[in-house]
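By convention in this document, chain letters (A, B, ...) are assigned in the order of the sequence lines, proteins followed by strands, and residues within each chain are numbered from 1.
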Amino acid sequence: MKEQYQKEVSQIHVPKELLEKTKRAMKEEEGNLAKQKKAGKRIPFRTLSMAAAAAILLLVMIPAGMLFFSGRSQSERDRQVQLQLKNHADPEIVKIGQGSGKAFTVKEADRMPEQFEGAEEIVMDDIAVFVTADEETGYLEAYYEKDGKAYIVTSRLTDLGEFEEAFGKELK
Amino acid sequence: MRTKKTEVGLTAEEIIDRYADMVYRLAVSQVRNRPDADDIFQEVFVRLVRHVEDLQDMEHAKAWLIRVTINCAKKHFGQYFYKNVFPMEETEEIPTMEEGFEQAEKKMDNPVMQAVSKLPSKYRSCVHLFYFEELSIKEIAQMTGQKESTVKSRLYRAREMLKEMLGEISS
């Protein structure tokens with residue numbers, strides 16, 4: 001059986017035409033390879049397509065990520081500010097004024113603090129306002145009563161005239 | 001243009017001159033018809049040009065050629081089904097794959113050749129390499145990327161099938 005198989009198979013030979021055609025194809029391939037080598041190393045299509053996909057992904061992901069994180073940090077900052085405000089919010093603060101860019105704060109009070117006893121009294125819109133200056137900073141502070149409630153005013157103003165003008169507008 | 005060579009200075013042309021028949025016979029044994037074997041033959045040697053510098057010597061080239069021929073034949077079988085998908089109107093005029101093989105078998109007068117051609121592809125390559133190329137089981141295993149035990153069992157089964165087929169033919 002083996003001999004018969006060998007005898008039969010050994011009768012198979014490559015047709016001369018095919019051999020010549022293949023040799024020509026090989027030469028052509030060799031020429032193509034030489035041209036490619038001369039033109040520089042060719043990057044395989046698969047590598048190129050993967051690199052392009054990665055680049056597109058980066059182009060999409062980076063701005064999206066930036067948007068996401070900036071939005072998140074913005075909202076985080078807002079949340080923190082709100083939290084701080086909430087934590088530090090004094091229930092007694094009823095109004096924050098920024099008259100002429102110079103802030104003053106009005107708080108409810110139970111009674112007149114000691115520093116206002118003997119303070120200068122100014123009448124504004126029929127309301128008696130006791131004005132004094134902070135011993136350390138010199139900022140003007142005031143105490144007044146309105147509608148049965150007592151209020152303390154702290155300001156960043158040192159000039160009584162300015163204080164009267166700004167606070168007078170606020171009282172109205 | 002500088003001709004590419006193996007590590008020991010062999011050119012692709014020297015390799016084709018030496019192994020052309022081997023590759024062609026293996027291709028014929030795998031695809032069982034000449035036109036397909038022609039295609040595989042050409043593809044194998046064009047690939048050789050691209051890889052000749054990776055080869056060390058003639059023996060390495062031989063092993064490479066056998067492996068690539070078997071792979072090309074497998075790939076060719078994959079394509080064969082696509083090649084034979086035709087619209088319904090045309091099917092009567094074109095022979096089916098089985099009819100094509102039968103026609104090829106009719107051309108083989110020798111009963112042994114007929115029987116071998118009826119073996120499944122994986123058995124045919126083992127039989128061809130073992131009985132015609134006279135390679136050892138270890139060499140066949142290395143070239144085909146199979147375990148030695150797999151090659152042994154394939155040869156055993158192929159022999160059993162051949163005995164059965166040749167018994168039927170002789171009776």
Side-chain angles (χ1 to χ4, degrees), chain A residues 1-70, chain B residues 1-5 11-17 19-29 34-35 37-53 108-117 119 124 127-134 158-159 162-163 165-166 169-170:
Chain A
M1 188 180 85
K2 182 183 170 183
E3 287 75 27
Q4 277 184 19
Y5 183 71
Q6 283 182 334
K7 192 184 162 192
E8 287 296 319
V9 174
S10 60
Q11 286 171 8
I12 300 171
H13 295 284
V14 191
K16 277 187 180 176
E17 268 182 32
L18 176 64
L19 192 62
E20 292 307 314
K21 193 177 150 190
T22 306
K23 282 183 178 179
R24 279 198 301 274
M26 286 164 75
K27 286 244 186 292
E28 203 176 308
E29 182 68 14
E30 211 165 350
N32 290 341
L33 286 174
K35 272 183 198 169
Q36 279 176 16
K37 206 173 179 180
K38 209 174 176 182
K41 197 179 176 185
R42 200 172 154 189
I43 302 163
F45 178 74
R46 188 181 285 183
T47 315
L48 269 178
S49 57
M50 280 172 74
I56 290 167
L57 204 66
L58 277 176
L59 281 172
V60 172
M61 291 299 285
I62 289 174
M66 283 169 72
L67 274 174
F68 175 75
F69 284 109
S70 67
Chain B
M1 184 177 68
R2 193 178 67 86
T3 307
K4 287 186 167 193
K5 291 178 180 176
T11 62
E13 192 154 352
E14 284 170 316
I15 296 170
I16 194 175
D17 285 339
Y19 290 121
D21 281 344
M22 181 199 78
V23 169
Y24 193 66
R25 284 164 185 159
L26 181 58
V28 170
S29 82
R34 299 284 178 117
D38 289 3
D39 289 347
I40 291 170
F41 178 83
Q42 201 162 342
E43 190 181 340
V44 169
F45 282 104
V46 168
R47 280 196 197 186
L48 174 72
V49 174
R50 289 180 226 144
H51 294 94
V52 72
E53 286 176 328
M108 294 177 190
D109 298 330
N110 190 294
V112 176
M113 289 295 281
Q114 276 186 30
V116 171
S117 73
L119 290 173
R124 271 203 312 277
V127 165
H128 182 85
L129 295 175
F130 189 76
Y131 289 111
F132 185 79
E133 296 296 339
E134 296 187 319
R159 273 195 291 263
L162 285 171
K163 270 183 203 169
M165 283 189 275
L166 290 170
I169 291 167
S170 62

Heavy-atom cut-off 4.5 Å, strictly under: side chain, backbone, both or neither for [X] against chain A?
| X | value |
| --- | --- |
| B/Val116 | side chain |
| B/Glu134 | side chain |
| B/Arg47 | neither |

| request: Quick one: which of B/Leu162, B/Ile16, B/Leu48 has the most heavy-atom pairs under 4.5 Å with chain A, could you say? | output: B/Ile16
| field | Closest-packed option against chain A by number of heavy-atom pairs under 4.5 Å, given B/Tyr131, B/Phe130, B/Phe132 | value | B/Phe132
| Which atom of B/Val28 lies closest to which atom of B/Arg34, heavy atoms considered | CG2-CD, 4.2 Å
| Shortest non-hydrogen contact between B/Ala115 and B/Met165, atoms and distance |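 Nearest heavy atoms, B/Ala115 then B/Met165: O-CE, 3.4 Å.
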| Taking the side chain as C-beta and beyond, is there a heavy-atom pair between B/Ile40 and B/Tyr24 under 4.5 Å? |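 Not in contact.
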| request: Count the heavy atoms belonging to other residues, nucleotides or ligands that lie under 6.0 Å from CD of A/Glu17, then report whether that count exceeds 12. | output: no
| Toward chain B, the part of A/Lys7 with a non-hydrogen atom under 4.5 Å |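 Neither; nothing under 4.5 Å.
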| Counting distance only, does the side-chain N/O of B/Asp21 pair as donor-acceptor with the main-chain N or O of A/Val14 below 3.5 Å? |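 Answer holds: yes.
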